[in-house]
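Just below is one structure, and these are the notes that go with it.
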Amino acid sequence: MSSCCKHQHASCATSEHAGHDHAGHDHAAYDHAHDETSPPANAAGTRLQLAIPAMDCPTEGQLIAKVLRPLAGVNDLSFNYIERTVTLYHDGVAETEVLVALSAIGMPATLQPAASPAAATAHGQAGWQLWLAGGLAALAEVLAFGGAGDASVPVVACAVPAMLLAGRSTARKGWFALKTATLNIYFLMSLAVLGAMLLGQWPEAAMVLFLFALSEKLEARALARAGDAVKALMALRPETAWLQQGDGWQEVAVAAVKVGRIVRVRPGERVPLDGEISAGHSQFNEAPITGESLPLDKGPGDAVYAGAINGGALVQLRVTAPADGSVLARIIRSVREAQAGKAPTQRFIDRFAARYTPLVVALAVLLAVALPMLGLLGWQAALYKALVLLVIACPCALVIATPVTLVSALAAAARHGMLIKGGAALEAAARIRTVALDKTGTLTSGTVAVTRVEPLADGHDEATVLALAAALEQHSTHPLARAVCRRAAAANVVVATLHGAVTELPGQGMLGRAGGRQLALGNRRLALAQGVAVAQLDALLAPLEAQGEGYLLLLADGALLALLHVNDTLRPQAEPTIAALQAQGLRVLMLSGDQPAVVRRVAGTLRLDEVHGGLLPDDKLQRLAAAQREGAVAMVGDGVNDAPALAQADLGIAMGAAGSDTALETAQVALMDDRLDKLPLLFAHARRSMAVLRANIVIALAIKLLFFVLALAGVATLWMAVFADVGASLLVIGNGLRLSWTNNILRKFWRDGKENE
């Protein structure tokens with residue numbers, strides 16, 4: 001509410017900007033989130049994005065990294081297993097050299113523009129081939145159980161075609177792994193199948209290959225489901241726009257439309273680009289951008305966003321951002337980058353997996369050699385036990401659990417106007433114990449309003465007072481003047497007629513005549529100049545000034561007629577939001593640059609746990625540091641003036657980010673609309689997401705451990721080991737995808753919150 005204080009039109013002690021830094025962007029805030037949404041640390045130079053249809057898990061990623069990292073000029077690699085893309089950061093590497101290196105390991109790639117959707121599809125056995133292989137493998141098992149023998153001619157005659165139909169891809173990838181000395185599941189699986197054949201276990205070798213091929217196909221489909229979240233966001237963006245060309249209109253690609261040009265949007269169409277309405281009025285459904293379910297009325301001068309649906313009438317827009325710079329494009333980019341980024345949990349899992357696989361393989365080799373030498377098992381039994389352990393050694397389920405879960409969670413949040421910049425931010429949101437909020441523009445609307453009219457003279461009611469006050473203020477452009485006029489308009493008051501000129505006294509208020517009386521509307525200084533006694537003013541204004549309330553005094557011929565209470569009003573969602581946060585066990589602080597009296601008044605209404613007023617930017621940082629000693633802290637602000645505090649907090653949350661470029665860059669979480677009541681929704685969603693992620697890790701580890709013990713006990717078979725590997729992968733993928741169904745839960749939470757306003 002600083003604008004009213006600059007003018008001193010009223011006694012006003014609510015300058016939030018006293019505690020704000022007006023330097024603009026604070027790049028420390030961006031650096032705070034840089035780890036997750038930006039390229040890797042060594043990602044200097046040019047970006048080259050490759051679509052690799054055959055890559056669908058970290059196993060292939062390990063192989064690709066092994067052949068690409070040694071190439072001259074390569075700085076770093078970033079993998080997106082859900083979209084099957086690799087981003088290569090380089091200084092002048094030859095594209096043909098990259099493509100040849102990938103083809104040599106059976107991973108043919110195509111160049112892909114970074115902004116285009118990934119259309120890569122995994123190649124594998126045709127459905128009929130796979131099911132025929134399964135039928136032959138099952139027949140081999142039946143014949144063997146029927147007494148024909150595992151290595152009999154009829155059994156081998158069924159098993160060999162089954163292995164050729166189901167195992168070609170596995171064998172090819174295993175060969176490439178062997179050529180590059182890469183210890184992955186394909187090499188281990190190929191080794192296990194060869195060992196089973198040498199041991200005469202032909203039916204089991206065929207069944208293992210069939211089950212592995214089947215599970216790979218199911219896993220690829222499940223991962224494609226996870227990628228649907230980004231595809232759904234990209235489908236919101238129109239490909240063409242109707243561009244004004246002279247006196248007519250031409251349909252062109254949105255990428256060709258430059259900033260400043262005029263485009264039209266017909267009823268029912270999606271807005272093609274961010275813009276400002278230049279002609280027409282209509283209703284716009286902005287749910288895909290801000291999560292706001294109700295259509296908004298907009299007219300000339302109002303901003304609209306790409307992807308919003310025009311529901312009412314034909315409008316014309318002046319484009320304010322290029323296609324790749326729209327709010328929707330940045331949302332899509334953020335979610336896509338989050339797929340390739342690694343959260344702290346994922347980095348830990350990757351380090352664990354890198355040690356787990358060699359350890360289990362070494363143990364398998366040791367058992368294959370040591371058990372027969374010690375006379376505990378025969379060579380054949382020991383080798384079979386070792387083969388089972390080799391299949392269990394692959395950590396695919398453990399590694400893939402994290403990205404699928406995070407992408408599902410981030411996409412579900414984005415659909416509700418909560419842009420969470422990667423897994424690190426989601427994990428931070430789940431750890432938050434204290435929420436610190438700015439006051440002006442966050443807990444309050446940031447717009448001054450007349451909250452109460454108090455008549456002080458007989459014969460004057462609220463309508464009469466507003467008629468006189470609005471008659472004076474309609475000649476001023478001051479924020480307080482607009483507040484008085486809004487209050488009068490809302491009360492349907494007919495403005496009084498003034499006679500003669502209206503005078504504005506800087507730092508005091510307005511003067512004019514009506515009905516033969518000299519009217520005055522302003523602050524204490526104006527009232528004293530009009531002859532009001534100091535003692536009378538002290539008695540009237542002291543309680544207001546002690547509470548930090550703003551006011552306007554209306555006088556006629558030097559006598560007080562009314563007191564207009566003026567304040568920055570609380571957001572309608574502020575009180576239920578604070579209550580909801582506290583119900584989640586969170587401590588809520590208010591850190592404000594406004595005067596302590598104003599802060600105490602707001603805090604009394606909201607029942608905050610702790611409040612601090614009169615803070616300079618450095619003071620806010622000190623308060624945050626103190627709170628961080630007791631646990632993780634989230635800072636909620638506007639993303640501009642609060643940039644230093646957003647940067648220092650464990651989680652920076654920007655409000656109303658759809659209209660602020662700075663907010664989209666500075667905060668780790670951007671609430672796209674100005675709804676404060678999305679905060680409880682954000683923290684609840686983050687905690688649920690991390691609970692699912694932890695469950696996935698436990699599931700993957702428990703299944704591996706169970707079959708590891710069974711293998712050591714000699715109970716597990718090769719096909720059971722396959723289930724332990726790919727079955728666990730399917731379980732964790734399915735569990736992670738549940739977070740994309742959270743859409744319905746979030747919608748109910750959101751609807752219930754709005755009904756309680």
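Along the sequence shown, residues carry numbers from 1.
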Quiz prompt | Side chain to side chain, Asp91 and Asn75, heavy atoms closer than 4.5 Å | solution = yes
Quiz item: So do Arg47 and His90 actually touch side chain to side chain, heavy atoms under 4.5 Å?
Solution: no
Self-check item: Listed partners of Glu610 passing side chain to side chain donor-acceptor pair (under 3.5 Å), at least two apart
Solution: Arg587, His612
Quiz item: Going through the distances and angles, do Thr434 and Leu586 end up as a side-chain contact (heavy atoms from CB on, under 4.5 Å)?
Solution: CA-CA 5 Å; Thr434 300; Leu586 298 171; over 6 Å; no
Quiz item: Which distance, rounded to the nearest 0.5 Å, do you find between the CG of Asp677 and the CZ of Arg571?
Solution: 9.5 Å
Self-check item: Within-4.5 Å side-chain heavy-atom neighbours: Val636 and Val435
Solution: yes
Self-check item: Side-chain (Asp274) to main-chain (Ala321) donor-acceptor, under 3.5 angstrom
Solution: no
Quiz item: With sequence neighbours excluded, what pairs up with Ala632 under the side-chain contact (heavy atoms from CB on, under 4.5 Å) test?
Solution: Arg431, Ile432, Asp650
Quiz item: Would you say the side chain of Leu552 lies within less than 4.5 Å of the side chain of Val450, judging by non-hydrogen atoms?
Solution: no
Exercise. For residues Ile703 and Leu705, determine if any side-chain heavy atom of one lies less than 4.5 Å from a side-chain heavy atom of the other.
Key: no
Quiz item: Does some side-chain heavy atom of Leu77 sit less than 4.5 Å from a side-chain heavy atom of Val86?
Solution: yes
Exercise. Apply the test side-chain contact (heavy atoms from CB on, under 4.5 Å) to residues Phe79 and Ile64: give CA-CA distance (whole Å), side-chain angles for both, the deciding distance (0.1 Å), then the verdict.
Key: CA-CA 10 Å; Phe79 295 88; Ile64 290 169; 4.0 Å; yes
Practice problem: Mind checking side-chain contact (heavy atoms from CB on, under 4.5 Å) for Ala430 and listing every partner two or more places apart, or none if nothing turns up? | Solution: Ala686, Arg687, Met690
Quiz prompt | Any donor-acceptor pair under 3.5 Å from Gln668 side chain to Ala429 backbone | solution = no
Exercise. Could I get the full list of side chain to side chain donor-acceptor pair (under 3.5 Å) partners for Arg452, not counting sequence neighbours?
Key: His565
Exercise. State which residue, out of Val611, Thr577, Leu570, Val588, fulfils the side chain to side chain contact (heavy atoms under 4.5 Å, CB included) condition with Leu606.
Key: Leu570
Practice problem: Test Leu679 against Ile653 for side-chain contact (heavy atoms from CB on, under 4.5 Å), laying out the working first. | Solution: CA-CA 9 Å; Leu679 284 174; Ile653 304 173; 3.9 Å; yes
Exercise. Take Phe683 and Leu651 through the test side-chain contact (heavy atoms from CB on, under 4.5 Å) and record every step on the way to the result.
Key: CA-CA 11 Å; Phe683 294 118; Leu651 185 72; 4.3 Å; yes
Quiz item: What residues, two or more places apart in sequence or in another chain, satisfy side chain to side chain donor-acceptor pair (under 3.5 Å) together with Arg694?
Solution: none
Quiz item: Listed by chain and number, what are the side chain to side chain donor-acceptor pair (under 3.5 Å) partners of Arg69, not counting sequence neighbours?
Solution: Asp76
